[in-house]
Amino acid sequence: MDAPLASSAPHASLATPASPTPPAPPSRFSPIAVVGLGTMGTGIADVLVRAGHEVIGIDISDAAAARAVASIEAATTRAVERGRLGAGERRTVLARLRTFSDLRAAADAELVIEAVPESYETKQHVFRELDGIVSPAAVLATGTNALSVTRLAAESAHPERLLGLHFFNPAPAMRLVEVVSSVLTSPRAVAAVTALARQLGKEPVAVGDRPGFVADGLLFGYLNQAAAMYEAGYATREDIDAAMRLGCGLPMGPLTLLDLIGLDTARTVLEAMYAATHDRLHAPAPVLRQLSEAGLTGRKSGRGFYTYAAPGNGTAVPDARTPTAAPDTVPGRTVASVGVVGSGTMAGGIAEVFARAGYEVVLVARTPEKAVAATARIGSSLNRSVAKGRLTAGARDGTLSRIVPADSLDALAEADLVIEAVAEDLEVKRALFARLDKVCRPGAVLATTTSSLPVVACARATSRPADVIGMHFFNPAPAMKLVEVVRTVLTADDVHATAREVCATVRKHPVDCGDRAGFIVNALLFPYLNNAVKMLEQHYATPDDIDTAMKLGGGYPMGPFELLDVVGLDVSLAIERGLHREFRDPGLAPAPLLERLVAAGCLGRKTGRGFREHTRR
């Protein structure tokens, strides 16, 4: 490690007022100082030196600086081995990094990026010291993801040159950078830092100053609700994580992600958010405090929601809370024939799933024409699978031969399992279950695919509520692996076992949950979507920037506004109203902007306009 700069480094005080027109920040900063060489600071330094910047790394710990250098040396060695970097280039890259233990080493820096621990006191101390060291034209950036940039800037001698530059971990791999402005920030400083982010190959999004900014502001509310859901005993940690991975296409379940982030870090971020919003959704779930104070902070400690092979190891190992692989104590009922009621996309998809798995399927629609049309759409779906090499022509023909279209519920008289996929209207479903009660044989299992209505209300419309269960498939059913198995307080054990057994037979992943609004996926997904709309309402960021932040920063396959337009704003509003009605939490009240768009008939892709304009097909 290099020695600290000599005491002749500049010490001129910057306590005097800034000049009316300070020099414009450079379009290319050189050199750049990174203060704090922990995981994030090291990652930022790595990104900068590889992009051709001279970097001054500063940390009061010689050991931390040495680890940072070793980490970048190891990372560049791997890059050479993979052919992404030449040996000569590697030497040049490493030569661009010099490390020091004294802040005065930043004297000549045109940009200083602070990456010290999340503490106002620590960060303010760094910036006060820097005020007396760097040039008035230098830009100061904080890497905070939870603290107020405005508060940090207000304590600075030159608040106009201090802004937020929030990289995501691991910085070399994550493309998102949030550029955070306060009311005091100079637009020229924002422009210069934004240009730097693009030069680094990152995707900068401009955001205002609020706890969590965009990505963490939306992500941590969702993570907190998942922790609360687990704490309430509503579902197992494995089922919560599987539901969000398979139901939403997320790379990682929320409880696994919390363990990766660190439960202490998550609690700090949430406390900062709650202090600013007083929204109960941001009040840290008690389990986060309990685990953190016990030292069970996640992967880094070896135990959090899950137990890991060793501290810092990402391999989860079985523990006392791991579900056993033992079969259900109560066997399920025999299912050879399946009835599906409905003629829409979901009904057809479910019929295809069961027929491909070898079940005899009766598909019942309201008219002969609708039944035939629904069967034809299944044929088209199977043809696409054949064209893509996923299915043989023989398997397609066999699947179609097992589907019998019908226009009367009487055709379901001998079905062992009947699944309804009709309109998401409670009275329509209750009327249907009352009719199925009269038509279906004793012992038949009756299932609803509802995503938002009470399953027990459907059950109570029959004389055999013990035979009724929820089986919430996800659209498109042939492709989506998840099924939420929803048992009511009246559901028989063998009916629950039957639902799980048939899910396994049709190669779906069942997750168990109770009969309450949203089940697992929608109860966690739609408050997140609603908060994104509220963020837009407050003119905090644009739909494009919010979508980009969540795709690049959170790993979401779609941004919230893309997803809302696909799902349908009316469908989304109905689910959000159901969640608000069930849980009575003011934070779950639908965003007024969503209400107004639905009232105006702007429902998303299906109407050609939602949060964006769409070409109607």
Side-chain angles (χ1 to χ4, degrees), residues 247-249 340-353 363 365-367 369-381 384 420-429 448-453 472-480 482 517-519 521-522 525-537 542-544 546-548 550-551 556-580 590-617:
C248 295
V340 179
V341 183
S343 58
T345 302
M346 181 58 79
I350 293 171
E352 178 182 335
V353 164
L363 178 59
R366 284 181 294 175
T367 65
E369 294 78 15
K370 285 182 178 293
V372 170
T375 306
R377 285 195 295 274
I378 295 172
S380 297
S381 172
R384 288 193 294 272
E420 68 78 17
V422 300
E424 192 73 347
D425 180 297
L426 186 56
E427 293 312 309
V428 171
K429 290 185 186 291
T448 172
T449 61
T450 182
S451 64
S452 59
L453 301 175
H472 179 210
F473 287 77
F474 286 73
N475 199 28
M480 298 294 281
L482 181 69
F519 309 138
V521 173
N522 286 349
L525 175 64
F526 280 88
Y528 149 78
L529 296 175
N530 197 42
N531 284 338
V533 179
K534 291 177 181 177
M535 191 175 276
L536 178 63
E537 269 182 333
T542 67
D544 287 347
I546 294 172
D547 279 354
T548 297
M550 296 316 298
K551 287 189 289 185
Y556 284 71
M558 279 189 185
F561 297 105
E562 290 176 296
L563 183 56
L564 282 161
D565 276 1
V566 169
V567 171
L569 273 60
D570 51 340
V571 174
S572 302
L573 179 60
I575 293 172
E576 288 173 9
R577 283 174 172 168
L579 291 171
H580 186 225
L593 176 58
L594 183 62
E595 301 260 16
R596 292 196 296 271
L597 286 170
V598 171
C602 302
L603 308 183
R605 287 189 181 180
K606 59 189 174 186
T607 61
R609 183 179 175 189
F611 286 99
R612 294 184 175 90
E613 298 283 348
H614 301 276
T615 301
R616 296 189 65 180
R617 296 179 180 178

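Basis for what follows: all heavy atoms, side chains included, without hydrogens, waters or symmetry-related copies.
Under the rule for a ring-ring contact (aromatic ring centres under 6.0 Å, His included), the partners of Phe611 that lie at least two apart in sequence or sit in another chain are Phe561. Not counting sequence neighbours, Glu537 has no partner by the side chain to side chain donor-acceptor pair (under 3.5 Å) test. With sequence neighbours excluded, the residues satisfying side chain to side chain donor-acceptor pair (under 3.5 Å) with Ser381 are Glu352. Residues satisfying the side chain to side chain donor-acceptor pair (under 3.5 Å) criterion with Thr448, sequence neighbours excluded, are Glu420. Evaluation of the side-chain contact (heavy atoms from CB on, under 4.5 Å) rule for Met480 yields Phe474, Pro476 as partners, not counting sequence neighbours. With sequence neighbours left out, Arg612 forms a salt bridge (Lys or Arg N to Asp or Glu O under 4.0 Å) with Asp544, Asp547. Residues passing the salt bridge (Lys or Arg N to Asp or Glu O under 4.0 Å) test with Glu613 are Arg609, sequence neighbours excluded. Residues forming a salt bridge (Lys or Arg N to Asp or Glu O under 4.0 Å) with Lys551 (at least two apart in sequence, or on another chain): Glu562. Take Thr450 and apply the side chain to side chain donor-acceptor pair (under 3.5 Å) test, not counting sequence neighbours, and it matches Glu424.
Contact between Arg577 and Pro590 at its shortest, heavy atoms only, is CG-CG, 3.9 Å. Contact between Ile546 and Pro560 at its shortest, heavy atoms only, is CG2-CG, 3.7 Å. For the pair Asp565 and Gly610, the tightest heavy-atom approach, listed with the atom from each and the gap, is OD1-CA, 3.4 Å. When all heavy atoms of Pro543 and Leu536 are compared, the closest pair comes out as CD-CD1, 3.5 Å. Closest heavy-atom contact between Ala351 and Ile378: CB-CD1, 3.9 Å. Residue Gly349 comes nearest to Ala477 through the heavy atom pair C-CB, 3.7 Å, listed as atom of the first residue, atom of the second, then distance.
Atom CD of residue Glu576 and atom CG of residue Leu569 lie 9.0 Å apart, to the nearest 0.5 angstrom. A distance of 11.0 Å separates OG1 of Thr345 from CD1 of Ile350, quoted to the nearest 0.5 Å. Here the NZ atom belonging to Lys429 is positioned 4.5 Å from the OG1 atom belonging to Thr449, to the nearest 0.5 angstrom. Rounded to the nearest 0.5 angstrom, Leu579 CG and Asn522 CG are separated by 7.5 Å. Atom CE of Met558 sits about 11.5 Å away from atom CG of Leu529, to the nearest 0.5 Å.
Contacts classified as side-chain hydrogen bond (donor to acceptor under 3.5 Å, both in side chains) and involving residues 525-534 (residues at least two apart or in different chains) are not found. Here salt bridge (Lys or Arg N to Asp or Glu O under 4.0 Å) pairs that include residues 566-575, with residues two or more places apart or in two chains, are Asp570-Lys606. Sorted by first and then second residue, the side-chain hydrogen bond (donor to acceptor under 3.5 Å, both in side chains) pairs involving residues 371-380 (not counting sequence neighbours) form an empty list.
Checked options Val566, Val567, Thr615; the residue passing with Arg605 is Val566 (criterion: side-chain contact (heavy atoms from CB on, under 4.5 Å)).
Ile575 is not listed as a side-chain neighbour of Leu525, based on a closest heavy-atom distance of 4.5 Å or more.
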